[in-house]
K.L.:
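Let me give you the structure first, and then I'll get to my questions.
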Amino acid sequence: MVTGANSGIGRAAAMAIAKKGGTVHMVCRNREKADEAREDIVNQSGNTEVYIHIVDMSQTRRVWEFAEAFKKQHPSLNVLINNAGCMVHKRELNAEGLEKNFGTNTMGVFVLTQTLIPLLQKSRDPRVITVSSGGMLVQKLRADDLQSEKGYFDGIKVYAQNKRQQVVLTQQWAKANPVIHFSVMHPGWVDTPAVSASMPQFHQMMGDRLRSVEQGADTVLWLALSGVAARSCSGQFFQDRKPLPAHLPLARTRSSAEEIQRFVTQLETLAKAVQSQPDADLNGPPNGPSRPQFV
């Protein structure tokens with residue numbers, strides 16, 4: 001299963017897995033783009049075992065409902081690639097009252113992964129790979145402000161904070177689920193449509209130094225498919241197929257066990273609240289129609 005599979009790194013990963021004969025479940029937000037991507041993947045790979053699931057990862061209840069339905073329809077899941085994400089530069093809430101970046105990059109990933117863990121455990125070699133970012137290296141987990149309610153809202157910093165949250169989650173999942181191999185990775189700075197749209201100045205400045213989507217997907221695929229990766233310690237942060245420290249020297253980004261537990265407890269509480277809600281109108285946010293750029 002690959003989230004955000006209709007473009008960028010997700011599409012490159014789905015293509016490569018399909019070419020190797022794997023069954024691919026593409027989790028996408030946009031039906032038209034998903035259909036186009038699937039057609040291209042099937043044509044290039046000759047593999048028709050490519051399936052589309054339309055899910056907006058910013059809508060936590062929809063993510064949970066999808067994952068629960070998927071568990072009932074499939075006997076196991078070998079690999080989950082958490083690739084979808086967004087960077088919104090203005091603080092906006094989704095229909096569930098969650099800040100959009102947090103709702104997509106953290107809650108969506110948390111709920112999807114947590115719900116699918118029982119299905120992953122039925123596989124012989126289950127793996128979960130989450131596409132993070134090197135930007136998280138300058139962020140310390142802010143367990144007291146998960147939804148960026150305090151101070152000036154900077155979309156780039158919020159995104160990096162979400163990516164730190166993903167690293168912390170990966171480490172906690174690895175401890176709690178030894179049967180599953182968890183990893184989180186930085187793909188390098190990749191030339192994707194979303195990077196161009198959400199960080200145009202950075203995109204222009206980097207120019208030809210940006211990696212192709214295939215280069216960005218390389219470590220994702222290595223973590224998903226290789227025997228060598230499976231033998232590495234679970235819960236690590238990777239770049240270019242190598243485990244790296246999740247903290248820079250002297251950066252003061254480490255969190256206490258109490259801060260981490262407070263973070264996880266808040267996610268669990270939010271997830272339970274969303275799951276217990278009656279069906280809501282999730283067609284649009286309560287405070288504006290703008291849509292996030294998915295990366």
Side-chain angles (χ1 to χ4, degrees), residues 1-6 9-29 34 37-38 41-42 45 47-57 59-85 104-132 166 169-185 217 219-227 229-232 234-236 238 267-268 271 275:
M1 181 184 293
V2 185
T3 67
N6 61 269
I9 293 170
R11 180 167 175 164
M15 176 72 79
I17 294 169
K19 286 182 175 180
K20 290 180 178 293
T23 298
V24 181
H25 292 275
M26 301 172 59
V27 177
C28 306
R29 181 173 60 94
R38 180 190 180 275
I41 290 169
V42 169
S45 68
N47 183 352
T48 58
E49 296 295 304
V50 181
Y51 303 95
I52 293 172
H53 308 273
I54 301 302
V55 185
D56 187 335
M57 291 297 295
Q59 298 176 353
T60 308
R61 184 180 175 88
R62 292 287 184 257
V63 173
W64 173 63
E65 290 172 344
F66 159 69
E68 287 290 348
F70 192 90
K71 281 197 299 188
K72 295 175 183 177
Q73 296 164 359
H74 300 275
S76 66
L77 178 64
N78 298 325
V79 178
L80 169 62
I81 299 174
N82 289 311
N83 166 73
T104 304
N105 302 327
T106 302
M107 280 304 297
V109 169
F110 175 74
V111 169
L112 181 64
T113 305
Q114 198 71 30
T115 308
L116 291 177
I117 280 175
L119 195 63
L120 285 155
Q121 290 172 335
K122 296 179 181 179
S123 173
R124 287 180 300 172
D125 181 20
R127 310 184 194 190
V128 176
I129 301 96
T130 299
V131 179
S132 183
Q166 291 177 350
L169 276 176
T170 298
Q171 293 167 342
Q172 297 308 300
W173 278 323
K175 293 176 183 177
N177 304 278
V179 173
I180 303 172
H181 189 275
F182 290 87
S183 54
V184 61
M185 56 80 68
T219 297
V220 176
L221 293 163
W222 179 78
L223 289 166
L225 305 174
S226 78
R231 291 191 292 272
S232 66
S234 183
Q236 294 189 95
F238 285 83
L267 295 189
E268 292 172 344
Q275 292 164 11

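Everything quoted here is computed from the prediction, not taken from an experiment. Only this structure's heavy atoms are used, side chains among them; waters, hydrogens and symmetry mates stay out.
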K.L.:
Only counting residues at least two apart or in another chain, list the ones meeting salt bridge (Lys or Arg N to Asp or Glu O under 4.0 Å) with Glu68.
P.N.:
Lys71

K.L.:
OG1/Thr113 to CG/Leu80 distance, rounded to the nearest 0.5 angstrom?
P.N.:
5.0 Å

K.L.:
To the nearest 0.5 Å, what is the distance between CD (Gln59) and OG1 (Thr104)?
P.N.:
9.0 Å

K.L.:
Out of the candidates Val179, Asn78, Val79, Ile180, only one should pair with Ser123 under the side-chain contact (heavy atoms from CB on, under 4.5 Å) rule; please name it.
P.N.:
Asn78

K.L.:
Quick one: list whatever passes side chain to side chain donor-acceptor pair (under 3.5 Å) with Asn6, sequence neighbours left out.
P.N.:
none

K.L.:
Identify, with sequence neighbours excluded, every residue that meets side chain to side chain donor-acceptor pair (under 3.5 Å) alongside Thr130.
P.N.:
Asn82

K.L.:
How far does CD1 of Ile129 sit from CH2 of Trp222, to the nearest 0.5 angstrom?
P.N.:
10.5 Å

K.L.:
Using atom types as modelled, flag every donor-acceptor pair under 3.5 Å from a side chain in residues 169-178 to any protein atom, sequence neighbours excluded.
P.N.:
| unit_1 | atom_1 | unit_2 | atom_2 | d |
| --- | --- | --- | --- | --- |
| Thr170 | OG1 | Gln166 | O | 2.9 |
| Trp173 | NE1 | Gln114 | OE1 | 2.7 |
| Asn177 | ND2 | Trp173 | O | 3.0 |

K.L.:
Determine, step by step, whether Val131 and Met185 satisfy the side-chain contact (heavy atoms from CB on, under 4.5 Å) criterion, reporting the C-alpha distance in whole Å, the side-chain angles of both residues, the deciding distance to 0.1 Å, and the verdict.
P.N.:
CA-CA 5 Å; Val131 179; Met185 56 80 68; 4.0 Å; yes

K.L.:
Shortest non-hydrogen contact from Ala14 to Ile41?
P.N.:
CB-CD1, 3.8 Å

K.L.:
Give me the atom names and distance for the closest heavy-atom approach of Val111 to Ala271.
P.N.:
CG2-CB, 4.0 Å

K.L.:
What heavy-atom pair brings Phe70 and Leu116 nearest, and what distance separates the two atoms?
P.N.:
CD2-CD2, 4.2 Å

K.L.:
Which pair of non-hydrogen atoms, one from Val42 and one from Thr48, has the smallest distance, and what is that distance?
P.N.:
CG1-CG2, 4.1 Å

K.L.:
Suppose we screen for salt bridge (Lys or Arg N to Asp or Glu O under 4.0 Å). Which residues come up paired with Arg38, at least two apart in sequence or across chains?
P.N.:
none

K.L.:
Taking Arg61 for its side chain and Gln275 for its backbone only, find out whether a donor-acceptor pair lies under 3.5 Å.
P.N.:
yes

K.L.:
To check you understand the geometry: which heavy-atom pair defines the closest contact between Ser132 and Val184, and what is its length?
P.N.:
CB-CG2, 3.4 Å

K.L.:
Do any side-chain atoms of residues 17-28 form donor-acceptor pairs under 3.5 angstrom with protein atoms, and if so which ones, sequence neighbours left out?
P.N.:
| unit_1 | atom_1 | unit_2 | atom_2 | d |
| --- | --- | --- | --- | --- |
| His25 | ND1 | His53 | NE2 | 2.9 |

K.L.:
If a pair satisfies salt bridge (charged side-chain N to carboxylate O under 4.0 Å, His left out) and one of its residues is in residues 112-129, list it, with sequence neighbours excluded.
P.N.:
Asp125-Arg127

K.L.:
Examine distances only and state if a side-chain atom of Asn83 and a backbone atom of Thr3 form a donor-acceptor pair shorter than 3.5 Å.
P.N.:
yes

K.L.:
Apply side chain to side chain donor-acceptor pair (under 3.5 Å) to Glu49 and list each qualifying residue two or more places apart in sequence or on a separate chain.
P.N.:
Tyr51

K.L.:
Check side-chain contact (heavy atoms from CB on, under 4.5 Å) between Ser232 and all other residues, then give those that pass, not counting sequence neighbours.
P.N.:
His181, Gln236, Phe238

K.L.:
Please enumerate all residues that pass side chain to side chain donor-acceptor pair (under 3.5 Å) together with Thr219, with sequence neighbours excluded.
P.N.:
none

K.L.:
What is the minimum heavy-atom distance between Ala13 and Leu221, and which atoms define it?
P.N.:
O-CD2, 3.7 Å

K.L.:
Applying side-chain contact (heavy atoms from CB on, under 4.5 Å), run through Leu112 and Met57 and close with a yes or a no.
P.N.:
CA-CA 9 Å; Leu112 181 64; Met57 291 297 295; 4.0 Å; yes

